[in-house]
Amino acid sequence: MKPAALALSAALVTAAHADEGHLRLSLLKAYQQECAACHVAYPPSLLPAASWKRLMNNLPQHFGTDASLDPAAVKTISGWLEANASKRAAEPPQDRITRSAWFQREHDEVPRDAWQRPSVRNAANCAACHTGASEGDYSERRVRVPR
């Protein structure tokens, strides 16, 4: 491989790893307090900025729940989510992480019945299988699919 091609290849691998692998980004305190009170604090890299913007602008109807926040909190959290959003991910249907191409590809080996198990309930319950989800660790070595 020529040096220029090698450098480009290394840059692309690094960028891909940074985008998909930065799940361990230090979380904004307000994001942890407000959002993680109801569900795992999803890494901002799982959605593009446009999806985060729509989600934060529609908190009164947040997937069937009123998750309204005061305007200052919305501004702070929105800015942080959009600044740390994926630069390459496509907007998934209904802005659902679980409907994204990345999520579908990463979870294609999960048995269909696993999503309906009482301890899992649905695909958005990351912490059911990812034992390090609350710390932003989604590595495969810490995955335990409940029986």
**Prompt:** So do Leu47 and Ser100 actually touch side chain to side chain, heavy atoms under 4.5 Å?
**Reply:** no
**Request:** Indicate the atoms forming the closest heavy-atom contact of Ala83 with Lys87, along with that distance.
**Result:** O-NZ, 3.5 Å
**Complete:** Rounding to 0.5 Å, atoms CD (Gln32) and CG (Leu27) come to a distance of 4.5 Å
**Asked** If you look only at pairs with a residue in residues 55-76, which of them pass as a salt bridge (Lys or Arg N to Asp or Glu O under 4.0 Å), with sequence neighbours excluded?
**Response** none
**Prompt:** Under 3.5 Å, is there a donor-acceptor pair between the side chain of Thr98 and the main chain of Ala124?
**Reply:** no
Let me check something: any side-chain donor-acceptor pairs from residues 54-62 under 3.5 Å, sequence neighbours excluded? List them with distances.
from: Arg54; atom 1: NE; to: Asp95; atom 2: OD2; distance (Å): 2.8
from: Arg54; atom 1: NH1; to: Glu91; atom 2: OE1; distance (Å): 3.4
from: Arg54; atom 1: NH2; to: Glu91; atom 2: OE1; distance (Å): 2.7
from: Arg54; atom 1: NH2; to: Asp95; atom 2: OD1; distance (Å): 2.8
from: Asn57; atom 1: ND2; to: Lys53; atom 2: O; distance (Å): 3.2

**Complete:** For Val120 and Ala128, the nearest pair of non-hydrogen atoms, with its separation, is CA-CB, 3.8 Å
**Item:** Donor-acceptor under 3.5 Å (Tyr42 side chain, Cys126 main chain)
**Value:** no
**Request:** Any pair with a residue in residues 107-116 that passes salt bridge (Lys or Arg N to Asp or Glu O under 4.0 Å), sequence neighbours left out, goes on the list, sorted by first then second residue, please.
**Result:** Asp113-Arg117
**Request:** Only counting residues at least two apart or in another chain, list the ones meeting side chain to side chain contact (heavy atoms under 4.5 Å, CB included) with Ala30.
**Result:** Leu28, Ile77
**Prompt:** Are Val145 and Tyr138 linked, directly or through other ILVMFWY residues, by side chains that come within less than 4.5 angstrom of each other?
**Reply:** no
**Fill in**
Residues Ala49 and Ala85: closest non-hydrogen pair is N-CB, 3.3 Å
**For Gln94, side chain to side chain contact (heavy atoms under 4.5 Å, CB included) partners two or more places apart** = Arg96, Arg99
**Residues that Glu106 engages under side chain to side chain contact (heavy atoms under 4.5 Å, CB included), provided they are two or more places apart** = Trp102, Glu140
**Asked** Any link between Leu46 and Val143 through a network of hydrophobic side chains (Ile, Leu, Val, Met, Phe, Trp, Tyr) touching at under 4.5 Å?
**Response** no
**Item:** Nearest non-hydrogen partners of Trp80 and Pro44, listed with the distance
**Value:** CH2-CG, 3.5 Å
**Request:** Name the orientation class of the two ring planes belonging to Phe103 and Trp115 (parallel below 30°, tilted from 30 to 60°, perpendicular beyond 60°).
**Result:** tilted
**Prompt:** Minimum heavy-atom separation for Ala36 to Ala41, with atom names?
**Reply:** CB-CB, 3.9 Å
**Prompt:** Between Ser86 and Ala89, what is the shortest heavy-atom contact and its length?
**Reply:** OG-N, 2.8 Å
